[in-house]
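Note: hydrogens, waters and symmetry copies are ignored here, and every other heavy atom, side chains too, is used.
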Amino acid sequence: MNIGIAQITGTPAGESEIVDWVRESMDALPDADMIMLPELALCGYDDPHRVRSLALEREGPVLGKLAQLAAEKEQALVFGYAERDPAGLYNSLQVIDGQGRVRADYRKIHLWSGYETALFQTGESFASFALGGLRFGLLICYDLDFPESVRALALKGMDCLLCLSATTPGYDVVPRHVVPARAYENGCFVAFANRGDSGCIGQSRIVGPDGGIIASLPGSGAALLMGEISLTALEQWRLGHAYLAERRTDLY
């Protein structure tokens, strides 16, 4: 499976522009089977007013049009957005497959700083889905800092983690070291889609189960990348690296 990442900058001008704005990224990655857009891609990250004004209902008309777009392009789509719900606002992501079917929804569990905790409600469950013979797990940004999050998904059979992010300066350790470490310690692929705005560091990447870089971007700014993940390669790695099976759960 070819995974494409659109390391976007900026946001749609308004709700009516969202579908065409996403289409531009999909048009730019015609050979990708799955396209990832970063955390809060559809509304931006650091402007609370804009986040609230561009918040969308999970089953509302805009996301319905994005499902139609995914079916038209025959590409799976993974994107971050602000979800409007009767219980409040959530930092969410949705997965739509290449037939336009919603495969998974996820609400960020670990909210970063007072900014996010003041703006969003906390998610209460992990999410995963199967596509193309692979099982994917979902996390958003700060979730990745907690190794228990990735391990919980790995123990449920995850083959590839999809992590959307808005990682900022001072946290280069996340793409450079945490992302490869999470892949290596769980024997899975990790696709990390970071925002490329001036307030974020970019460095989006796809990493293999050996911690090696499959594809990466060097810094911030609007850019694209694509990398291939393979169940065959994953199974070969796991034959000699049975980390999950060899854990000493009697001691920890």
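Between the CG atom of Leu239 and the CH2 atom of Trp237 there is a distance of 11.5 Å, given to the nearest 0.5 Å. The CE atom of Met26 sits 4.5 Å away from the CD atom of Gln75 when rounded to the nearest 0.5 Å. With rounding to the nearest 0.5 Å, the separation of CG in Leu139 from CG in Leu161 is 5.0 Å. Rounded to the nearest 0.5 angstrom, Asp105 CG and Gln94 CD are separated by 4.5 Å.
Formation of a donor-acceptor pair under 3.5 Å by the Ser204 side chain with backbone atoms of Asn194 is found in this model. Using a distance-only test at 3.5 Å, with no hydrogens or angles considered, a donor-acceptor pair links the side chain of Arg182 to the main chain of Leu144. Asp20 contributes no side-chain N or O that, together with a main-chain N or O of Glu17, makes up a donor-acceptor pair within less than 3.5 Å.
In this view, Ile214 and Phe189, Ile206 satisfy the side-chain contact (heavy atoms from CB on, under 4.5 Å) rule, not counting sequence neighbours. The side-chain contact (heavy atoms from CB on, under 4.5 Å) test applied to Arg107 returns Arg58, Glu83, Asp85, Tyr90, Ser92, not counting sequence neighbours. Residues satisfying the ring pair (Phe, Tyr, Trp, His ring centres under 6.0 Å) test with Tyr184, not counting sequence neighbours, are Tyr243. Residues passing the side-chain contact (heavy atoms from CB on, under 4.5 Å) test with Asp97 are Gln99, Arg101, Arg103, Leu131, sequence neighbours excluded.
Side-chain atoms of Arg84 and Leu56, non-hydrogen and from C-beta on, never get closer than 4.5 Å to each other. Side-chain contact between Leu162 and Phe192 is absent, with no heavy atoms from C-beta onward closer than 4.5 Å. Using a 4.5 Å cut-off on side-chain heavy atoms (C-beta onward), Val95 and Phe136 make no contact. A 4.5 Å side-chain heavy-atom check between Gln236 and Thr232 finds at least one atom pair inside the cut-off. Contact annotation: the side chain of Met158 never approaches that of Ser128 to less than 4.5 Å [non-hydrogen atoms, C-beta and beyond]. Contact annotation: the side chain of Cys43 never approaches that of Thr11 to less than 4.5 Å [non-hydrogen atoms, C-beta and beyond]. Counting only heavy atoms from C-beta outward, the side chains of Leu234 and Pro209 approach each other to under 4.5 Å.
Using cut-offs of 30° and 60° on the angle between ring planes, the pair Phe146 and His110 is parallel. Note on ring orientation: taking the six-membered ring where Trp is involved, the planes of Trp112 and Tyr171 are perpendicular (angle over 60°, cut-offs 30° and 60°).
The two residues Ile3 and Cys160 come nearest to each other via the heavy atoms CD1-SG, 4.2 Å. The two residues Pro180 and Pro175 have their closest heavy-atom pair at CD-O, 3.5 Å. The nearest pair of heavy atoms linking Ile8 to Asp197 is O-OD1, 3.7 Å. A pairwise comparison of heavy atoms in Cys141 and Cys163 identifies N-SG, 3.7 Å as the closest pair. Between Leu42 and Leu66 the shortest heavy-atom distance is CD1-CD1, 3.9 Å. Contact record, Ile140 with Lys108: O-CE, 3.3 Å, taken as the closest heavy-atom pair.
Within the structure, salt bridge (Lys or Arg N to Asp or Glu O under 4.0 Å) contacts touching residues 144-163 (residues at least two apart or in different chains) are Asp159-Arg238.
No side-chain donor from either of Arg195 and Ser165 sits under 3.5 Å from a side-chain acceptor of the other. In summary, the side chains of Glu228 and Asn2 do not present any donor paired with an acceptor at a separation below 3.5 Å, with no hydrogens or angles considered. Between Glu39 and Asn91, the side chains place a donor N or O and an acceptor N or O closer than 3.5 Å (distance only, hydrogens not considered). There is a side-chain donor-acceptor pair under 3.5 Å between Asp172 and Gln203.
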Step by step, would you call Leu77 with Val22 a side chain to side chain contact (heavy atoms under 4.5 Å, CB included)? CA-CA 9 Å; Leu77 182 61; Val22 172; 3.9 Å; yes

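Cluster partners of Leu244 are Leu155, counting Ile, Leu, Val, Met, Phe, Trp and Tyr whose side-chain heavy atoms approach within less than 4.5 Å, directly or via other members.
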